[in-house]
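Down below is the structure, laid out as structure tokens.
To find a chain, count down the sequence lines: A is the first, B the second, and so on, and within it residues start at 1.
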Number of protein chains: 4
Amino acid sequence: MKVLVDLCIVPIGVGVSLSGYVAACEKVLSDAGLKTALHSYGTNVEGEWDEVFAAIRKCHELVHGMGAPRITTTIKLGTRVDREQGMEDKVRSVREKMREPLPSP
Amino acid sequence: MKVLVDLCIVPIGVGVSLSGYVAACEKVLSDAGLKTALHSYGTNVEGEWDEVFAAIRKCHELVHGMGAPRITTTIKLGTRVDREQGMEDKVRSVREKMREPLPSP
Amino acid sequence: MKVLVDLCIVPIGVGVSLSGYVAACEKVLSDAGLKTALHSYGTNVEGEWDEVFAAIRKCHELVHGMGAPRITTTIKLGTRVDREQGMEDKVRSVREKMREPLPSP
Amino acid sequence: MKVLVDLCIVPIGVGVSLSGYVAACEKVLSDAGLKTALHSYGTNVEGEWDEVFAAIRKCHELVHGMGAPRITTTIKLGTRVDREQGMEDKVRSVREKMREPLPSP
């Protein structure tokens, strides 16, 4: 099953600067061969369910290994069985609708 | 690795009433032997990482099988390596603090 | 507009124990006259939109005032215009469905 | 108080295609003068707390007006008092760290 994930990993107990941990997780995700897109409040990840969640688990293990005693992560995840839809398709679909007149309320 | 999860599964394209799908997922989680606590905006789940995410995958498969073409799920997940902390411990810890005077700002 | 919120406030840069901050926010929410229910990964809050979000803002101000340089908060929020549905109604509705036989896939 | 938000609005009960609703919300946010960046699982929004949440409320009102009986929205929101940090700063900060050698675990 293919999944599109929005991933936001927050190490707790390591001070206020988190970008080094996020960068390390980016490397885990791309080393796992997953398609990713970093944004200002997380990373979008696309791939097979088991591979995506194995990589997220590796991120948690790595961030604990880097010294974080505690982690809280927020994930949004989407699956669909009606059709294939990749990361860029979702953005493209919204942008196309933005060019059309709004449906009247 | 033990994980505490807050899980909120939202089937899309099946109308406005979602409780039947949520009830079906509750059964998947408890059949998997996981500890769960239903609340008004999701379900808290406690267990080993791989078992928890295998059960969440089963929920997605079941909900698609029940007719939902699309699902969007929101997950919060916490891990910690400094000490054991179960579901009830977190609530108890907050309740204890609520009885103490507030730290001065 | 009435709203049901699941609120999870995470102070960053104040160490690993967060329950004191959560307890302080519980007080802000109940002082605002909002209906709340604490669970293991957040707090459910029910009320009018503007009152709920004014109280959440007060929580952020208080937690910063208590010394947290940075906060990341996760919110799920639901509104509906088809009918009234309170916090307990959602849980009751799922529990009722759990007693019924599952719809066949 | 300045806030950085990741916003994901999900109309329920309007079928499987949601991009028209998301596009309408994008317009609400930009009409409100807020800085936004659309990604594959939501929209990042930057602005003053009250303006951002007033715009999110308008999005809910609009989406209900477009026919959605029910909406579930997921928000991540960050505030910080130690320093100014805009949307692009967060991404830049991670990218810089990705060029550095990883801290040894």
Practice prompt. Give, as side chain, backbone, both or neither, the part of D:R80 having an atom under 4.5 angstrom from any heavy atom of chain A.
Written response: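 Contact with chain A is through the side chain of D:R80 alone.
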Practice prompt. Please state whether the side chain, the backbone, both or neither of D:D6 comes within less than 4.5 Å of a heavy atom of chain A.
Written response: both
Practice prompt. Drop me the distance from A:L7's CG to A:L77's CG, to the nearest 0.5 angstrom.
Written response: 10.5 Å
Worksheet entry | Portion of A:V63 that has a non-hydrogen atom of chain D nearer than 4.5 angstrom |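 Neither part.
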Worksheet, complete the sentence: Per-residue tally against chain A (heavy atom, under 4.5 Å) across D:H39, D:E26, D:K90 peaks at D:H39
Fill in: Leading residue by heavy atom contact count with chain A [cutoff under 4.5 Å; candidates D:V5, D:V91, D:V94]
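Counting heavy-atom pairs under 4.5 Å, the top option is D:V94.
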Discussion item. Counting heavy-atom pairs under 4.5 Å with chain D, which one of A:D82, A:V16, A:L38 comes out on top?
Written reply: A:L38
Worksheet, complete the sentence: In terms of heavy-atom pairs under 4.5 Å with chain D, the winner among A:E46, A:R95, A:H64 is A:R95
Is the backbone N or O of [Y] less than 3.5 Å from a side-chain atom of [X], with the two atoms forming a donor-acceptor pair by type?
X: A:D89; Y: A:G86; value: yes
X: A:Y41; Y: D:G78; value: yes
X: D:E48; Y: D:V3; value: no

Discussion item. I'd like to know whether A:T74 forms a side-chain hydrogen bond (donor to acceptor under 3.5 Å, both in side chains) with D:K76, so could you lay out the CA-CA distance, the side-chain angles of the two residues, the decisive distance to 0.1 Å, and finally the verdict.
Written reply: CA-CA 8 Å; A:T74 302; D:K76 290 175 283 191; over 6 Å; no
Worksheet entry | Presence of salt bridge, A:E96 and A:R92, under 4.0 angstrom |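 A salt bridge is absent here (no side-chain N lies under 4.0 Å from a carboxylate O).
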